[in-house]
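Values in this document were obtained by computation on a predicted structure and should not be read as measured data. Below, chains carry the letters A, B, ... as their sequence lines are ordered, and counting in each starts from 1. The figures that follow rest on heavy atoms only: side chains count, while hydrogens, waters and symmetry mates do not.
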Amino acid sequence: MDMLNALVAILNFVVIPAASYGAQLALGALGVTLIYGILRFSNFAHGDTMAFGAALVILITWGLQAIGIGLGPLPTALLALPFGIALTAVFILGTDRVVYRFYRSKRSAPIILVMASVGVMFIMNGLTRLIIGVDEIRFDDGARFLVSVQQFRAWTGLSEGLSLRVSQALTLVVTALACWALFRFLNRSRAGKAMRAYSDNEDLALLSGIDPERVVRLTWLIATALAVTAGTLYGLDKSFKVFNYFQILLPIFAAAIVGGLGNPLGAVAGGFIVAFSEVAVTYPWRKIATYLGFEPQGLLQLLSTEYKFAVSFVILIVVLLFRPTGLFRGKSV
Amino acid sequence: MSNTRQAEAVSPWRAPVLFLILAALFLAEGSFRNALFSGSWNTALAILNMGLISAVMALGVNMQWGYAGLFNAGVVGFLALGGLAPVLVSTAPVQGAWAAGGPRLILALLVGLGTLVLAAQVWRRISGAWRVPALVAVLVAGFVAYRWLFDPAVMAIEANNSARAGNIGGLGWPVLLSWPVGALFAAAAAWGVGKVALGLRSDYLAIATLGIGEIIVAVMRNEEWLSRGVKNVSGIPRPVPYELDLQGNADFVARAAEWGMSPAVASGVWVKLLYAGLFGAVLLALILLAELALKSPWGRMMRAIRDNETAAEAMGKDVTRRHLQIFVIGSAVIGLAGAMMVTLDGLLSPNSFNPLRYTFLIWVMVIVGGSGNNWGAALGAILVWFLWIKAEVWGPELMRLVTGPLPAGALRDHLLGSAPHMRFIALGLVLLLVLRFAPRGLVPEK
Amino acid sequence: EEIKMGISLGLTGPLESISPAMQKGAELAMKEVSDSGKLLDGSTVTPVVADNTCIDAAASVAAVTRLVTAEGVKGVMGGMCSGETIASLEQVGVPQGVVMISPSATSPALSTIDDKGFFFRTSPSDARQGEVMADIVLERGINSVAVTYTNNDYGKGLADSFADAYKAKGGTVTVVSAHDDGKADYSAEVAALAAAGGDALVVAGYADQGGSGVIQGSLDTGAFEVFVLPDGMVNNVLVEKFGTQLENSFGQNPSAEGEGHDKFDALAKEAGFDGTSAYAGESYDAAALMLLAMQAAKSSDPTVYKDKVMEVANEPGEKIYPGELAKGLELLAAGQDIDYVGATSVELIEPGESAGVYREVDFKGGKLNVIGYR
Amino acid sequence: MQRMKLGSTMIQVHDLHKHFGGFRAVDGASLTIETGSITGLIGPNGAGKSTLFNVIAGVLKPTAGRVTMAGEDITGLPPHELFHKGLLRTFQLAHEFSSMTVRENLMMVPGGQCGETLLNTWLRRGRIREEERALRKKADEVLEFLTISHVADEKAGNLSGGQKKLLELGRTMMVDAKIVFLDEVGAGVNRTLLGTIGDAIVRLNKERGYTFCVIEHDMDFIGRLCDPVIVMAAGKVLAQGSADSIMKNEAVIEAYLGTGLKNKVAAEVAEEAAFGESHGAQPGLGAEAGRGGDGKPAGEL
Amino acid sequence: MAEPYLSATDMRGGYGKADILNGCTLTVERGQIAVIVGPNGAGKSTAMKAVFGMLALREGKVALAGEDITRLTPQERVRKGMGFVPQTHNIFPTMTVEENLEMGAFIREDDYRDTMAQVYELFPAVADKRRQNAGELSGGQRQQVAVGRALMTRPSLLMLDEPTAGVSPIVMDELFDRIIEVARTGISILMVEQNARQALEIADIGYVLVQGANRYTDSGQALLADPEVRRTFLGG
Ligand SMILES: Nc1ncnc2c1ncn2[C@@H]1O[C@H](COP(=O)(O)OP(=O)(O)OP(=O)(O)O)[C@@H](O)[C@H]1O
Ligand SMILES: Nc1ncnc2c1ncn2[C@@H]1O[C@H](COP(=O)(O)OP(=O)(O)OP(=O)(O)O)[C@@H](O)[C@H]1O
Ligand SMILES: [Mg+2]
Ligand SMILES: [Mg+2]
């Protein structure tokens, strides 16, 4: 029996990857949930906002690298991030101006806004491809690992290794900070309360002297910052590829929904639920069983990985059946 | 500023005029040859045919969303289920497949179904402390029995001539018969899904159905015994003659010469016209039925339910049942469209069922056309499909226009090289423009 | 005569990143022929490009319909992905009587399709590669592998044929599991593969898709260090991405020995694209074959020249390499036989697909090294 | 429909509880509504009146307790089934079908319409047309009565606050009911019109045998129509009796009516002496009471 | 007083096709209570919205303290010291009672805790529920929160659309009482009421609105005394 190895194997293959993937989803879901909570529609362009922002960050990173500026062990992209956020925010506020504001003033049904966001999604998608092409791009520099498998084995002498990447650690930290800050902001700060008031009853917010356009701007700003950060961290971790940012949209939505739309804690919980269910349910337990002294015949896999996405959705549906508006009682329009 | 949405008056001529414009677009596509249009009837009709099928899909979504406010984001799943029908009904039987494990497979599926029914009964009948253990016991026992029956049967079937078949095969019946069967498949699934998920609201229902759609497609991709999974089934029979047969038919060749077309072109046009007739008939029949239903107390009741469920419930309308009814009917229509589409393609390729194309694009069609309005949904579907296809040409064309004034150089080359991606930009622009100038759709609900 | 030739590729969609090089490859051949002025008494060749999206059969059919019926192309270089290729072939190519030569649709299903002689491909069916790969792996003394494949007809077909061959030859396959392309995360797949174990991981996927995602995850978690990489993975993208991390990995892809390949590489470099990009050479060959067959048949009518495709591709005759299309045209005009070798040493076997000569490669020193052919 | 014998029990509520989390909105209420009566239900804001209605009408599931209708247990039945048993209700916050016209709002109410079955909409067009004609006539009568026929073709969402309340009431007039629960139909309705509505309620009660249960804060209205009156406070029944006795009940005055009423009773006596017959009690003295008051909550006096 | 504090003169306008307001005029002096009564659908709420700038006027003029504010947006009017309680949708349902009141004080820079304490004192029922979401309150409690929110603004002109609809008699008395007190501090009150007799009792000026036009205008007592008005508009 070899408890330590079993533990390390689970950590290395299940806990750490699922946690960091969960954090990536959560960071994306925070933006989605914020837009839904305040502006009351599901923003399909969020994935492409992530891609667009990350593309800009990459360009700036290249620029910085060219003139020899770096962050040592941390990726240079972090330095470029604020600029990327600023540029993307300008663009997103522009789309709000020319696209969404019109429907807000018309009081269009949320579905119209959703469709408009699909339009924006297509355009941003095309733009990102125009700007940076469709190829896979890696832009992480600095140290890749906090702990690498080889190092870990050398230190501990265990046969199983453990790795923790800088990008994974970064994502986890940033997500925790973002969630905490957003929660505080919405529930404690004046501006945050104004945003919630606006989402609750737009007319009455007006009557209370809240400037709706400011609320909307603020919402877009925060959501953009979250999206670009999420996009950059995801790109650092996995490499940048435009197509993948559309694909990540579905799990992000799943995360936001299962946690309860409009609730930052829900988004984070949702992200982890989706990620852990994908990894844990399809994990073959044979290796662990072997370490624990059993000699199993098969793989001890509940379901093959082909169905991992299906599994996370089954879990999502089950959660919704018992909690129809998500774990943290989200909103619904 | 006002508290409620204002319905701007819509001219009664709007729908006919828009349909005329649409017809003009197709005529232009068929007869003019320039940077925008191809001038080929074959192309025009090919787009039209898929457009008609899209219209049927849009009709199904419109029933669910436009009539009842149910946000079904699992369109692709029901479509795929419908698409299964032509394979199971009308492809030729696979030699030896049935013998290899057919009966055992059926038995396994029955056991699986029975387990679910039993579990539901246990959940309903037993209360108290035994409820959960009993449920778990039933599920576990059922699952074990199911896998014990299922796995060997599947192995045997998949091993049977796996390069060319490896699936259970079809019945070899006429393909038109598979259309209603496709509708039935989708309806059955929708019934089950509806029983479980219709308690959810708006975006929560959307994500649940999205998940269910993904699950259905995942099953179709991975269960090879059913329809060869990702290995695709091709050569699905047709309800219309093959072009090559027509080309070999002297009468037809003579007639083609009369029309002044080459036999190849004429056969293509003729076959597509036949398809268009079939699809058009189905579409018109569905619209007729839907309009009759909508302009009657039933439609009024559905609108009331959509407006305010609590009040409708208090006014004696069984909201749950009506939701289920419309969900099943809408899904059946989507399933029908799926069967039609697979018949037209002659190919079932589960990998091509992706939600962007078959869920969101359909939604775009409905919203652009005007949700709640059948004619609108149909119009939106055909128009958006036309644009989706033409964006392939118009996007790069647009890029050429944009980059025209640029000096030749790296930037221009880069942009021209990226021209295919203008497809997305062009489509997005069109969508935004339509939504801007007709925010409630081209032909809004009255 | 101005001869239009269609190019149908997935310029948008999951394989959008390898399409541009393929398009350039095909256009290169067409330009070469056109500039030579020797095709059918000085005909020019104009490429017409269509985007078939790779995954949407309907869109692909519409695109190819446009090429054929509106543009009036005399042949189509494409389709790209097997499903979409089948659809456009059955719906357009065969009924409209147009030759289609696919550079990259490798599904075994295309071997048996009723194509009335209009369909060819310059890549071999995956069934054969499985055998070759099994040999290579076993020869390196690796007796136990895990297999992951991209979940489509290509990946599935290749993984199955490899697993069968490998087991038959005495190897152990610990697990065969699929991965989907374009997913956000591959931790689950990596975890499952790692738990199953094996001395090496066979990745039957695409270099810029899920395939590299799985490799990335495996390297990061230390799950595998040796990767076996078939054609979809053998690509400079992979080298750029992983550099020296693939020291012990190896693989193979259909590509012929010798000059053809190098010549094409040089031509590509001159034209400003990467000739080693997946299927770029196959695309060049597909386009060249159609044009040479026209010359041989003395007609640009596809129903006529389709019968000449096999002839120009195979022995006997003088070998024609990339950049020598003009010579080929001249010889054909003079009534002589040629044996088109091209960028990928095409040998077409019945029913019109590449016989499959594979080059074995490894990635020592952070480079893609060719170490032999079989 | 059959007329019910007066004196039998229409609705009986046994020890009903409805808790929201830890909060007991209805906390062991028991009451009886006699067939043929117009029962008033009053009580301070938040007493649990609407919650009680919602539980009886099946919108909320009770935490504990039982509800019977004409002897039959109807606890937890869904609202649509209760509707078909003849139990109708209005909502305190108007629940109109906002995108439908006012007339359609009424026409959709009657249950079991032939055209509500999908098959019939294709096969029995003639029958539907006839039915529709009758429904339309009926709806127009109701609109006429409620003085809102001029907005018959307006979207219900565009109605004024009071008009929505009237529409809410109008829906209950579209069908034959056994018992109708009215949750503050009067709030926001013009008092002259409310008088007319009161008359209609009496008429429906007398002529068609409807039983009514009415929540209202307008004591005029309660006093004129209702007997008996049930007073709820803090989720329990506080008192029950004739309107007069309730208005004199000290506990009720303290919890609900306030001191304004003490003056009012005095004024009423005076007025009655002056005019012989009074058409309902005169409120309107609250103002003086308020103005004279020292700002302390009246209940403390 | 030369010019009334609020004067909305000859307002015409509506939601689209037909005009709802047909030359309606409302004026309130500083510290006065003005009450609007009239049948349902007369345009009372519409008039209030027009005064508050939530309805585009086709004709007419709104002036506050002598300044023409016809073109100002509602937010700007709030900053000019106008407060409004709409007839419906007058709370933030998913915010707590306390947060609702805080939103009332959104534009106030000073310390508003005193005002909040006063509101809680006025409405003890909602004071108990200050941590509960306003959407979970009973109808009457919501109404109290809505009025409380407006009181938090400390406006110079307070506009109330049926503040007493659905509140129990005891609270209604308190409310009217408080309104009088508020008016005594120099704040002008413009309110719509269906509990018309009580409202007119305390009104300095009363308007009877019919079909978007002024039918009667007089002091509250005078209107109450008019038998015609009593019969047709006040319920006898
Ligand atoms: N969903 C809910 N969650 C929590 N508390 C609730 C909920 N619904 C109602 N309550 C509480 O239950 C109590 C009773 O509410 P109810 O609506 O029944 O009062 P009511 O007697 O109708 O008052 P009113 O005269 O103001 O309409 C109130 O204190 C309210 O805050
Ligand atoms: N958003 C709207 N769109 C169209 N018409 C409206 C709208 N709101 C109100 N109306 C119409 O305007 C007229 C006046 O409405 P308003 O709300 O001003 O009446 P009110 O006098 O406040 O009545 P109540 O006492 O019932 O609240 C009504 O006939 C109503 O139908
Ligand atoms: Mg109530
Ligand atoms: Mg009003």
Side-chain angles (χ1 to χ4, degrees), chain B residues 29 33 37-47 50 53-54 162-164 221-222 224 228-235 242-244 246-247 264-265 267-269 271-272 341 344-347 349-354 357-358 385 388-389 392-393 395-396 413 417-421 423-424, chain C residues 9 11-12 14 16 19-20 49-63 65-72 81-84 86-87 89-92 94-98 107-114 116 127 150-157 160-161 164 178 180 272 303:
Chain B
E29 175 71 15
R33 183 155 169 65
F37 298 110
S38 70
S40 147
W41 285 106
N42 265 303
T43 314
L45 285 171
I47 301 176
M50 198 54 208
I53 294 179
S54 303
S162 80
R164 302 205 48 191
R221 291 174 56 173
N222 294 307
E224 271 180 63
R228 303 194 70 219
V230 293
K231 292 187 324 196
N232 303 341
V233 178
S234 61
Y242 285 86
E243 287 90 344
L244 284 182
L246 289 176
Q247 287 161 26
V265 173
S267 64
V269 168
V271 165
K272 291 188 180 82
M341 184 179 79
L344 177 68
D345 288 346
L347 167 86
S349 167
N351 262 341
S352 68
F353 290 117
N354 78 332
R357 162 71 177 83
Y358 290 109
W385 179 250
W388 177 254
I389 292 300
E392 188 222 343
V393 182
D413 286 350
S418 318
H421 308 308
R423 178 177 201 157
F424 293 101
Chain C
L9 293 169
L11 298 170
T12 61
E16 60 193 12
S19 303
V49 185
D51 175 13
N52 65 32
T53 76
C54 182
I55 40 170
D56 184 348
S60 171
V61 168
T65 307
R66 176 175 69 83
L67 288 181
V68 172
T69 64
E71 302 287 349
C81 306
S82 300
E84 154 267 314
I86 293 174
L89 178 66
E90 288 191 330
Q91 300 269 319
V92 192
V94 174
Q96 297 291 335
V98 173
S107 162
L110 278 162
S111 301
T112 55
I113 200 165
D114 179 16
K116 305 274 192 278
T150 176
N151 202 3
N152 62 21
D153 47 353
Y154 157 71
K156 175 84 178 151
D160 282 355
S161 77
D164 290 347
D180 284 321
T303 52

Toward chain C, the part of [X] with a non-hydrogen atom under 4.5 Å:
{"X": "Gln247(B)", "result": "side chain"}
{"X": "Val393(B)", "result": "side chain"}
{"X": "Trp41(B)", "result": "neither"}
{"X": "Asn42(B)", "result": "both"}
{"X": "Asn232(B)", "result": "side chain"}

(Q) Between Thr12(C) and Asp51(C), do the side chains contain a donor N or O and an acceptor N or O under 3.5 Å apart? (A) yes

Measuring heavy-atom distances to chain B, does [X] have an atom under 4.5 Å in its side chain, in its backbone, in both, or in neither?
{"X": "Ala178(C)", "value": "neither"}
{"X": "Ile86(C)", "value": "side chain"}
{"X": "Thr53(C)", "value": "side chain"}

Q) Is there a donor-acceptor pair under 3.5 Å between the side chain of Gln91(C) and the backbone N or O of Asp345(B)? A) yes

**Q.** From Val68(C), Val61(C), Leu67(C), residue fulfilling side-chain contact (heavy atoms from CB on, under 4.5 Å) relative to Thr65(C)
**A.**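 It is Val61(C); the other options fail the test.
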
Q: Take Arg33(B) and Glu71(C), measure what salt bridge (Lys or Arg N to Asp or Glu O under 4.0 Å) needs, and give me the verdict at the end.
A: CA-CA 9 Å; Arg33(B) 183 155 169 65; Glu71(C) 302 287 349; 3.0 Å; yes

Q) Residues in ring-ring contact (aromatic ring centres under 6.0 Å, His included) with Tyr358(B), at least two apart? A) Phe353(B)

Q.
How close do Thr303(C) and Gly97(C) get, counting heavy atoms only, and between which atoms?
A.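 Shortest heavy-atom separation between Thr303(C) and Gly97(C) comes out as CG2-O, 4.1 Å.
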
Q.
Going by the rule salt bridge (charged side-chain N to carboxylate O under 4.0 Å, His left out), which residues pair with Lys156(C) if we only count those two or more places apart in sequence or in a different chain?
A. Glu224(B), Asp160(C)

Q) Using a cut-off of under 4.5 Å for heavy-atom pairs, which of Asn151(C), Val94(C), Asn152(C) has the most such pairs with chain B? A)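 The option with the most such pairs is Asn151(C).
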
